[in-house]
Amino acid sequence: MPRRPVRRLAPALAALLSLLVPASAAERPVKIGVLNDMSGPYADYQGQGSVIAAQLAIEDFAKQVGRPVELVSADHQNKTDIGASIARRWFDQDGVDLIVDVPNSAVALAVSNLAREKNKVFIGSGAGTAELTGKQCSPNTVHWTYDTWSLGHALAKALVQQGGKSWYFLTADYTFGKDLEGAAAEEVKANGGSLKGASRHPIGTSDFSSFLLQAQASGADVIGLANAGDDTSNALKQAAEFGIAPAQRLAGLILNITNMPALGLKATQGVYIVTPYYWDLNDGTRAFAARYAARHPRRAMPNDMQAGIYSAVEHYLKAVSTVKESGDGRAVVAAMKAMPTDDPIFGQGRIREDGRKLHPMYLLVTKTPAESKGGWDYFKPVRTVPAEEAWRPLAEGGCPLVKG
């Protein structure tokens, strides 16, 4: 008699315990969060386009993981407190394993710190500051697509060699813009050029007239636009209205395909850019662009940062499939570093000890209206910048993860 109640209670107790014990790693879905500007000056640069790219990668590679892969997204509004709050909620409450993209360097640095604290993964594609692989590097962070060191140094070197010896900068007044200006200025001076000054502006500036007049009055050979998104487009439009070119060359340090439909080729003649991806480079880049454009509500082509989301999520999912536990961010990032990267978008590469993803960069120049076949046909390649030349030397970044 005393034993019958125990036997009857055992199934109920087992059922209760099953509710209290967390699901195994094999049962829990992998959750990826795309965090970026969905409504502000960088919305076309990343925004919904980054979500589309992530979804394409999940569709192509989720089967390798062996369990469901879920995607969420949010707008950080270019505000560090909002971005950090979303990231903390995703990590603490929503079970997000990876946060990807994060344009706006101040937000990106905050998310990188949180990923380290929570042992999750952060991959910056839209983020620009080279500090992510410098003194603020982290074993939980990978910097994927570009950075301010690469864009600033590569483009400044090319233009100084073409005679653009003196520079004046129009700079977005936050970490990203200052880093970009600093990288370009360093390369200008290293190649015997000079600096004529700089004007700093807040994100989302609509009227660049006073800044452009100062730049014009400086007499600099090159006016370097150390900004991005709508800020770059607005500055170039107004520079065309003032007739600044061709007397002074305009250098869009982070100009890319996303800016071009609103600008057109007439307003951007002779403009050089450096980018790791352009849709019309080869068969692989064109195939991805066609798939992406078919999903995009405006049939837009992807820029480098949106293409970088696909490439980064692909490599992350491959790493998770080997580690088996997406909740251990450091282990996943270590697996990502251990595997070479290889995809039709960026080609072959690797992730360095400091978290820097290495791949070639490309120097492009705008086509003339006569050369363009219409549509999204805006740039042509000038030269390939090999990976060993394109990125800051490992020993110069100051990353504490680098030994020796």
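Between Tyr310 and Phe288, the ring planes lie tilted relative to each other; the angle falls in the 30° to 60° range.
Val121 approaches Ala115 most closely through the heavy-atom pair C-CB, 4.2 Å. Contact detail for Phe176 and Gly128: the closest heavy-atom pair is CD1-CA, 4.1 Å. Looking at every heavy atom in both residues, Ala319 comes nearest to Met336 through CB-CG, 3.4 Å. The heavy-atom pair separating Leu265 from Ser372 by the smallest distance is CD1-CB, 3.5 Å. In terms of heavy atoms, Gly49 sits closest to His296 at CA-CD2, 4.4 Å. Closest approach of Pro302 to Ile257, counting heavy atoms only: O-CG2, 3.6 Å.
In this structure, Thr171 contributes its side chain and Lys178 its backbone to no donor-acceptor pair below 3.5 Å. With Arg286 contributing its side chain and Asp280 its backbone, the two residues share a donor-acceptor pair below 3.5 Å. Checking side-chain atoms of Trp376 against main-chain N and O of Pro261 turns up no donor-acceptor pair under 3.5 Å. Side-chain N or O atoms of His315 include none that pairs as donor or acceptor with a backbone N or O of Lys337 at under 3.5 Å. With Thr148 contributing its side chain and Ala130 its backbone, the two residues share a donor-acceptor pair below 3.5 Å. Looking at Gln306, its side chain does come within 3.5 Å of a backbone N or O of Gln46 through a donor-acceptor pair. In this structure a side-chain-to-backbone donor-acceptor pair under 3.5 Å is missing from Ser105 to Thr175. Checking side-chain atoms of Lys120 against main-chain N and O of Leu114 turns up no donor-acceptor pair under 3.5 Å. Between the Thr275 side chain and the Tyr277 main chain, a donor and an acceptor come within less than 3.5 Å of each other. No donor-acceptor pair under 3.5 Å is formed between the side chain of Asp173 and the backbone N or O of Pro202.
Side-chain contact annotation: Asn259 with Ser233, donor-acceptor N/O pair under 3.5 Å present. Counting only N and O atoms by type, the side chains of Asn227 and His201 include a donor and acceptor under 3.5 Å apart. Between the side chains of Thr133 and Arg352, not a single donor N or O lies within less than 3.5 Å of an accepting N or O.
Taking the charged nitrogens against the carboxylate oxygens, Lys31 and Asp94 have no contact shorter than 4.0 Å, which rules out a salt bridge. Salt bridge absent: Asp221 and Arg249 never bring a charged side-chain N and a carboxylate O closer than 4.0 Å. A salt bridge links Arg291 with Asp60: the distance from a Lys NZ or Arg NE/NH1/NH2 to an Asp or Glu carboxylate oxygen falls below 4.0 Å. Between Lys135 and Glu131 there is no salt bridge, since no side-chain nitrogen of the basic residue lies less than 4.0 Å from a carboxylate oxygen of the acidic one. Under a 4.0 Å N-O distance rule, the pair Glu389/Arg383 qualifies as a salt bridge. Lys318 and Asp343 are not joined by a salt bridge, as no carboxylate oxygen comes within less than 4.0 angstrom of a charged side-chain nitrogen. Ion pairing between a basic and an acidic side chain is recognised when a charged N comes within 4.0 Å of a carboxylate O; Arg28 and Glu70 show no such pairing.
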May I have the step-by-step check of side chain to side chain donor-acceptor pair (under 3.5 Å) for Tyr316 and Ser326, ending in yes or no?
CA-CA 10 Å; Tyr316 169 81; Ser326 59; 4.9 Å; no
Could you go step by step and tell me if Leu35 and Asp101 meet the side chain to side chain contact (heavy atoms under 4.5 Å, CB included) rule?
CA-CA 6 Å; Leu35 181 62; Asp101 206 9; over 6 Å; no
Give the C-alpha distance, both sets of side-chain angles, the deciding distance and a yes or no for side chain to side chain donor-acceptor pair (under 3.5 Å) between Ser112 and Ser138.
CA-CA 7 Å; Ser112 179; Ser138 162; 4.6 Å; no
Test side chain to side chain contact (heavy atoms under 4.5 Å, CB included) on Val333 and Val142 and set out the steps.
CA-CA 7 Å; Val333 170; Val142 176; 4.0 Å; yes
Working for side chain to side chain contact (heavy atoms under 4.5 Å, CB included), residues Glu117 and Phe91:
CA-CA 10 Å; Glu117 175 189 332; Phe91 287 151; over 6 Å; no
Evaluate the criterion side chain to side chain contact (heavy atoms under 4.5 Å, CB included) for residue pair Leu180 and Leu151; output intermediate values, then yes/no.
CA-CA 7 Å; Leu180 191 56; Leu151 293 188; 4.0 Å; yes
Pair Asp179, Thr129 - check side chain to side chain donor-acceptor pair (under 3.5 Å), show working.
CA-CA 6 Å; Asp179 282 358; Thr129 178; 2.4 Å; yes
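By the 4.5 Å heavy-atom criterion applied to side chains, Lys357 and Phe346 are counted as neighbours. Put simply, the side chain of Phe169 reaches to within 4.5 Å of the side chain of Leu253, judged on heavy atoms. Taking 4.5 Å as the limit, some side-chain heavy atom of Ile223 sits within range of a side-chain heavy atom of Leu170. Inter-residue side-chain proximity for Thr205 and Asn234 is flagged as unmet; no heavy-atom pair is nearer than 4.5 Å. Two residues are said to be in side-chain contact when any heavy atoms from C-beta on lie closer than 4.5 Å; Trp149 and Pro393 meet this criterion. The shortest distance between side-chain heavy atoms of Met305 and Asn256 falls below 4.5 Å. Taking the side chain as every heavy atom from C-beta outward, Arg392 and Asp147 never approach each other to under 4.5 Å. The shortest distance between side-chain heavy atoms of Cys137 and Val402 does not fall below 4.5 Å.
Interatomic distance, Thr145 OG1 to Asp304 CG, rounded to the nearest 0.5 Å: 6.5 Å. Interatomic distance, Asn113 CG to Asn140 CG, rounded to the nearest 0.5 Å: 10.5 Å. Put simply, OH on Tyr146 and CD1 on Ile254 are 3.5 Å apart, with the number rounded to the nearest 0.5 Å. With rounding to the nearest 0.5 Å, the separation of CG in Leu255 from OH in Tyr378 is 11.5 Å. With rounding to the nearest 0.5 Å, the separation of CG in Leu394 from CG in Asp354 is 5.0 Å. Atom CZ of residue Phe379 and atom CG of residue Leu281 lie 11.5 Å apart, to the nearest 0.5 angstrom.
Within 6.0 Å of the NZ atom in Lys367, the count of heavy atoms belonging to other residues, nucleotides or ligands exceeds 12. Within a 6.0 Å radius of NZ in Lys196, other residues, nucleotides and ligands contribute 12 heavy atoms or fewer.
Tyr362 has its ring centre no less than 6.0 Å from the ring centre of Tyr278.
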